Engineer: 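I'd like to ask you about the structure that follows.
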Amino acid sequence: MKFQKPKGTYDILPDDSAKRNFLYQKIRTVCNNFNYSEILTPAFEKTELFRRGIGETSDIVSKEMYSFNNDEFTLRPELTAGVIRAYLENNLYNISPVTKLFYIANMFRRERPQAGRFREFWQFGIELIGSNDVHSDAEVICLGVQLLNEFGLLNVTTKINSIGSPAERSKYLEILKEYLISYKSDLSEISLIRLEKNPLRILDTKDSRELEILSSAPVLYDYLSTDTKRRFEKLLAILDNLNVRFETDYRLVRGFDYYTDTAFEIHSGELGAQNSVLGGGRYNNLIEQFGGKPTPAIGFGLGIERLLIMIGKSNYKFSQKNNPDLYVGYTDETAQNFAFGIAIKLRISGLKVEIDFLNRSVKSQLKEANRLNVTFSIVIGENEINSGFVELKNMHDGKSLKIKLSPNEIYNFISKYENETSTTGNA
RNA sequence: GCGGGUAUAGCUCAGUUGGCAGAGCGUCAGAUUGUGGCUCUGAAAGUCACGGGUUCGAGCCCCGUUACUCGCCCCA
């Protein structure tokens with residue numbers, strides 16, 4: 001019986017984990033510069049938390065959650081709800097009126113897998129809690145844009161909209177519904193269902209005929225209050241000043257119930273049908289809804305797998321692999337004992353060292369050393385043990401020199417060599 | 001939940017009108033004793049996804065199942 005991974009999951013193999021760690025490191029650097037602190041919350045929460053936060057009628061809550069223990073708990077399908085729960089439970093608002101958090105975490109949704117969509121997937125996300133200042137909107141968007149810039153991703157589009165308050169939206173929805181009903185016979189089956197369930201989402205359609213109908217449909221933006229519109233225009237001006245490239249998209253909407261005002265997404269042409277790599281927005285009512293004082297907040301989530309796809313299709317080069325410094329070869333069992341001792345000592349002093357476990361021929365051991373792209377190799381046998389000297393071979397240029405067979409000598413030589421080559425910079 | 005595509009060696013894939021299961025890469029072993037890369041020689045490695053059917057004969061044709069994959073929906 002051979003086991004298989006669950007549908008929609010994947011194994012992160014050594015090559016992948018190296019790339020991911022590099023990516024995470026870059027994310028942490030950007031977050032550090034913007035002064036966001038990392039937060040980690042449990043992988044599962046009370047089911048009720050997601051029901052209340054994301055919205056009972058959303059697709060996620062109604063059919064995509066992994067719940068267990070009689071529906072008491074659910075594997076997190078997103079992280080904003082959990083972070084806000086932690087924020088309130090640990091009274092983080094008492095430390096400072098503004099809290100800036102980020103996370104890199106896995107989450108779970110029972111969706112049909114396809115390109116760039118998984119049942120277990122990772123998101124990097126940030127939450128800026130405690131300010132409704134329009135500059136905080138700008139900061140959050142800038143952080144996302146900056147991160148993509150770090151990887152030289154140019155084929156992206158940042159789209160921004162304001163979806164106003166729930167009150168402003170419901171007024172508009174009635175009018176939109178009325179308008180669409182007059183075109184009922186031209187609408188697709190799916191859109192007819194949406195018309196009842198969630199008319200706002202019809203704006204997302206890709207059907208050309210429906211796009212035509214929508215081109216003269218009432219626009220949500222026109223139904224927002226003057227205050228909301230002025231706030232939005234102020235945000236656009238700030239982004240303009242910062243030379244952030246964006247497009248306003250009055251048809252951009254969000255899937256979760258908790259969003260208010262600013263909504264934004266970053267799309268990429270490198271992705272398939274799931275072309276959104278980053279999505280976020282303001283949620284000024286969620287914290288109050290979770291029993292806290294009314295507190296404004298804004299954040300986004302970025303799909304790690306989608307980012308990796310984009311980077312993979314660009315010509316971005318991940319930084320060089322971290323190869324072993326030294327391969328310790330040996331000729332026979334007596335020599336192996338000796339060589340093994342040397343290898344361990346050098347590892348303890350801080351070198352990256354590999355040694356064979358299979359008692360293979362010297363030739364095979366060096367082949368392996370070559371495959372690992374080690375910088376230096378030594379081979380220890382009777383001669384070396386008796387003489388106390390060993391040939392230290394530079395595997396890159398093939399040159400070798402005799403050196404005392406002692407961990408100290410070897411360590412000093414190799415670390416000196418690496419300091420010299422790293423300061424002169426390598427091609 | 002609904003569609004399309006695919007399934008052959010560790011990986012990427014050929015396999016003709018149905019006639020002995022293949023290549024490249026990788027792995028392993030050799031090419032003067034204890035020294036890698038290049039080259040050469042050789043080897044191991046397969047329930048042709050699974051189960052039925054047609055046929056003298058099926059990797060290939062037919063039916064079913066499963067898995068993967070790309071879309072719809074939804075989202076990151």
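Chain identifiers are assigned alphabetically (A, B, ...) following the order of the sequence lines, protein sequences preceding nucleic acid strands; residue numbering begins at 1 within each chain. Please read these numbers as outputs of a predicted model, since none were measured by experiment.
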Engineer: Kindly point out which of B:rU35, B:rG36, B:rC75 is positioned nearest to the side chain of A:V362?
Structural biologist: B:rU35
Engineer: Just to be sure I understand the rule, does A:G125 reach a base, reach only the sugar-phosphate, or reach nothing, if contact means heavy atoms closer than 4.0 Å?
Structural biologist: nothing
Engineer: If the C1' atom of B:rU17 is compared with that of B:rC11, how far apart are they to the nearest Å?
Structural biologist: 32 Å
Engineer: Nearest 0.5 Å please: distance from the CZ atom of A:R306 over to the CG atom of A:L308.
Structural biologist: 12.5 Å
Engineer: Could you tell me whether a side-chain N or O of A:D11 sits under 3.5 Å from a main-chain N or O of A:L13, the two making a donor and an acceptor?
Structural biologist: no
Engineer: Output the rounded distance in Å from CG (A:L358) to C1' (B:rU27).
Structural biologist: 13 Å
Engineer: Rounded to whole angstroms, how far apart are CD on A:E265 and P on B:rA76?
Structural biologist: 7 Å
Engineer: Check this for me: does the side-chain of A:Q365 come within 3.5 Å of the base of B:rG34 through a donor and an acceptor?
Structural biologist: no
Engineer: Describe the nucleic acid contact of A:H396 in one word from base, sugar-phosphate, nothing, applying a heavy-atom distance below 4.0 Å.
Structural biologist: base
Engineer: What I want to check is whether an N or O donor and acceptor connect the side chain of A:R117 with the base of B:rA76 at under 3.5 Å.
Structural biologist: no
Engineer: How far, in whole Å, is B:rC28 from B:rG36 if one measures between their P atoms?
Structural biologist: 15 Å
Engineer: Just the rounded figure in Å: distance from P of B:rA76 to CG of A:L302.
Structural biologist: 11 Å
Engineer: Under the 3.5 Å rule, do the base of B:rG1 and the side chain of A:K63 count as making a donor-acceptor pair?
Structural biologist: no
Engineer: Over all strands shown, is A:A369 touching base, sugar-phosphate only, or nothing at heavy-atom distances under 4.0 angstrom?
Structural biologist: nothing
Engineer: Should A:R360 be listed as having a side-chain N or O under 4.0 Å from OP1 or OP2 of B:rC28?
Structural biologist: yes
Engineer: Mind checking the P distance from B:rG19 to B:rA58? Whole angstroms is fine.
Structural biologist: 11 Å
Engineer: Tell me whether the side-chain N or O atoms of A:D332 pair up with the base of B:rG34 as donor and acceptor below 3.5 Å, since no angle test is needed here.
Structural biologist: no
Engineer: Taking the nucleotide of RNA chain B with the closest heavy atom to each, which residue, A:I60 or A:K7, is nearer the 5' end?
Structural biologist: A:K7
Engineer: Measuring only the P atom in each nucleotide, how far is B:rU69 from B:rU35? A whole number of Å is fine.
Structural biologist: 47 Å
Engineer: Looking for any heavy atom pair under 4.0 Å, which part of the strands does A:T331 touch: base, sugar-phosphate only, or nothing?
Structural biologist: base
Engineer: Given A:F376, which partner from the list A:Y327, A:Y417, A:Y411 fulfils the ring-ring contact (aromatic ring centres under 6.0 Å, His included) test?
Structural biologist: A:Y417
Engineer: Is the base of B:rC75 touched by the side chain of A:R306 through a donor-acceptor pair closer than 3.5 angstrom?
Structural biologist: yes
Engineer: Among B:rA76, B:rC2, B:rA31, which is the nearest nucleotide to the side chain of A:S276?
Structural biologist: B:rA76
Engineer: For B:rG26 versus B:rU12, give the span between their P atoms, rounded off to a whole number of Å.
Structural biologist: 15 Å
Engineer: Can you check the distance between B:rG46 and B:rA21, where both ends of the measurement are the P atom (answer in whole Å)?
Structural biologist: 14 Å
Engineer: Once you round it to whole Å, what is the distance between C1' of B:rA76 and OH of A:Y10?
Structural biologist: 11 Å
Engineer: Write down the distance separating the P atoms in B:rC61 and B:rA7, rounded off to the nearest Å.
Structural biologist: 10 Å
Engineer: At less than 4.0 Å, is any side-chain N or O atom of A:S364 found next to OP1 or OP2 of B:rA29? Yes or no.
Structural biologist: yes
Engineer: Is it true that the NZ or CZ of A:K26 lies under 6.0 Å from the centre of A:F151's six-membered ring and within 45 degrees of the ring axis?
Structural biologist: yes
Engineer: Of the options A:D137, A:N284, A:D261, A:T260, which is the one that meets A:N132 in a side-chain hydrogen bond (donor to acceptor under 3.5 Å, both in side chains)?
Structural biologist: A:N284
Engineer: Please evaluate the base of B:rG36 for a donor-acceptor partner in the side chain of A:N370 within a cut-off of under 3.5 Å?
Structural biologist: yes
Engineer: Using a cut-off of 4.0 Å on non-hydrogen atoms, how would the nucleic acid contact of A:G381 be classed: base, sugar-phosphate, or nothing?
Structural biologist: base
Engineer: Taking the side chain from A:R76 and the backbone from A:T41, do they hold a donor-acceptor pair closer than 3.5 Å?
Structural biologist: yes
Engineer: Answer yes or no: does a side-chain N or O of A:Q114 lie under 4.0 Å from OP1 or OP2 of B:rC72?
Structural biologist: yes
Engineer: Can you check the distance between B:rC20 and B:rU33, where both ends of the measurement are the P atom (answer in whole Å)?
Structural biologist: 44 Å
Engineer: Looking for any heavy atom pair under 4.0 Å, which part of the strands does A:G329 touch: base, sugar-phosphate only, or nothing?
Structural biologist: nothing
Engineer: According to the Watson-Crick and G-U wobble definitions, with both distances under 3.5 Å, which nucleotide is paired to B:rC56?
Structural biologist: B:rG19
Engineer: Using a strict cut-off of less than 4.0 Å between a Lys/Arg side-chain nitrogen and an Asp/Glu carboxylate oxygen, indicate whether A:E111 and A:R119 qualify as a salt bridge.
Structural biologist: no
Engineer: For B:rG64, give the paired nucleotide (Watson-Crick: N1-N3 plus N6-O4 or O6-N4; G-U: N1-O2 and O6-N3; both under 3.5 Å), or none.
Structural biologist: B:rC50
Engineer: Could you check which nucleotide pairs with B:rA43 in any of the strands shown, counting Watson-Crick or G-U wobble with both distances under 3.5 Å?
Structural biologist: B:rU27
Engineer: NZ of A:K367 versus P of B:rG26: gap in Å, rounded?
Structural biologist: 11 Å
Engineer: Using whole Å, report how far CD of A:E111 lies from P of B:rC70.
Structural biologist: 14 Å
Engineer: Determine the contact category for A:V379: base if any of its heavy atoms lies under 4.0 Å from a base atom, sugar-phosphate if only primed atoms, P, OP1 or OP2 are that close, otherwise nothing.
Structural biologist: base
Engineer: Take the protein atom CD of A:E382 and the nucleotide atom C1' of B:rU35, then report the distance between them rounded to whole Å.
Structural biologist: 17 Å
Engineer: Roughly how many Å is it from CG in A:D397 to C1' in B:rG36, rounded to a whole number?
Structural biologist: 13 Å
Engineer: Using purine N1 to pyrimidine N3 plus N6-O4 or O6-N4 for Watson-Crick, or N1-O2 and O6-N3 for G-U wobble, each under 3.5 Å, what pairs with B:rG1?
Structural biologist: B:rC72
Engineer: For A:F118 and for A:K5, find the nucleotide of RNA chain B with the closest heavy atom, then tell me which residue's nucleotide is more 5'.
Structural biologist: A:K5
Engineer: Got a salt bridge between A:D325 and A:R347, using NZ or NE/NH1/NH2 to carboxylate O under 4.0 Å?
Structural biologist: no
